[in-house]
Amino acid sequence: MWPNGSSPGPCFRPTNITGEERRLIASPWFAASFCVVGLASNLLALSVLLGARQGSQHARSSFLTLLCGLVLTDFLGLLATGAVVLAQHATLFDWRAVDPRCRLCRFMGVLMVFFSLCPLLLGAAMASERYLGITRPFSHSAAASRRRAWATVGLVWGSALALGLLPLLGLGRYTLQYPGSWCFLTLGAEPGDVAFGLLFVLLGSFSVGLSFLLNTISVATLCHVYHGHEAAQQRPRDSEVEMMTQLMGIMVVASVCWMPLLVFIAQTVLRDPPAMSPTGQLSRATEQQLLVYLRIATWNQILDPWVYILFRRAVIRCLYPRTSARPRSLSLQPQLTLRPSVV
């Protein structure tokens, strides 16, 4: 029986899960521990980043600003989505009774898509920034600034939000997912669900692929400069190697955490016969797989800050003291030299 005799909202699908089963899956202690560790990790990274940005070199400040935007996004994502999930796990409230018009479910669906795409898009933006900084040092140095870096972060946020709002405009749907504690895009066979699911997958996969391509070129360029004939005059600074090391770590973490979920979504919405029944029900195996892949993806928000924290020069020098004895290297940016004139 629905409140006031109303019918269930469009975000509810048939599910076969008992209250006891939900208690075993939805552990409030696991959710609370996960959120606390994630929030503390991102706060620690933010504090370190703010200290590093003060007095940083001009070329490095743009990268650190983008990295600050990534850590801030991860922090807000854990805070916003974790609050809803933790409340549901702690009280085990009936979502149908609390949110019969699906307003909370749609809001959480927008948050899930927004905070899923932002780290991938920001990773691609950071890869683009380093690619230009390494392969086009003169033009990049003239154009790079913290204001432009924050504008890039804002553009990423706006793009992810625009995609997240599409189901509210009629393309795709947000529905309650197993075990009834979170909302996400629908893995159905309807044209709108398929289109939105594939759009989400393509944008996320494109971001990962672009990051891989640009980071590969940047690393190859650094290796060429370091081992080339002009290494004595044009050697990468420690900071440039440090930034690429951090960026490669972020890319690996994003790929490992997100690609399984993206591939699973694409396979499910394109499956023939459809994975979802005409009544909107998924098999228990499919629902459990989606939950597992999502939990793997959320580890990205915890691991991102630790990539920056652990891959700093100060930490590496503590672990490997020999690196601090290396002679100071010159800038990667080409130097202008005056040649003697012939009289």
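In this structure, T245 and F311 approach most closely via the heavy-atom pair O-CD1, 3.8 Å. When all heavy atoms are compared, the tightest approach of N215 to A127 is OD1-CB, 3.4 Å. What you find for Y174 and R106 is that their closest heavy atoms are CD1-O, 3.9 Å. When all heavy atoms are compared, the tightest approach of V110 to L168 is CG2-CD1, 3.8 Å.
Side-chain contact annotation: T175 with Q177, donor-acceptor N/O pair under 3.5 Å present.
Here the two cysteines C105 and C11 have their SG atoms 2.5 angstrom or farther apart.
Formation of a donor-acceptor pair under 3.5 Å by the N42 side chain with backbone atoms of G38 is found in this model. For the pair Q281 (side chain) and R13 (backbone), a donor-acceptor distance under 3.5 Å is absent. In this structure, the side chain of S47 engages the main chain of L44 through a donor-acceptor pair within 3.5 Å. Looking at T286, its side chain never comes within 3.5 Å of a backbone N or O of L282 through a donor-acceptor pair. D99 places a side-chain N or O within 3.5 Å of a backbone atom of L104 that can act as its donor or acceptor partner. Panel note: side chain T298, backbone R295; a donor-acceptor pair is recorded below 3.5 Å.
From F196, atom CZ reaches atom OG1 of T186 across 9.0 Å, with rounding to the nearest 0.5 Å.
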Before you tell me yes or no, could you show the steps for W306 and S41 under side-chain hydrogen bond (donor to acceptor under 3.5 Å, both in side chains), namely the whole-Å CA-CA distance, both residues' side-chain angles and the distance that decides it to 0.1 Å? CA-CA 7 Å; W306 286 106; S41 300; 2.7 Å; yes

Show the numbers, then the answer: is there a side-chain hydrogen bond (donor to acceptor under 3.5 Å, both in side chains) between W157 and T73? CA-CA 9 Å; W157 286 347; T73 302; 2.9 Å; yes

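Using bins of under 30°, 30° to 60° and over 60° for the plane-to-plane angle, the ring pair W299/F34 lands in the perpendicular bin.
Other residues, nucleotides and ligands contribute more than 12 heavy atoms inside 6.0 Å of the CZ atom of F264.
Side chains of L203 and L121 form a contact here, defined as non-hydrogen atoms less than 4.5 Å apart.
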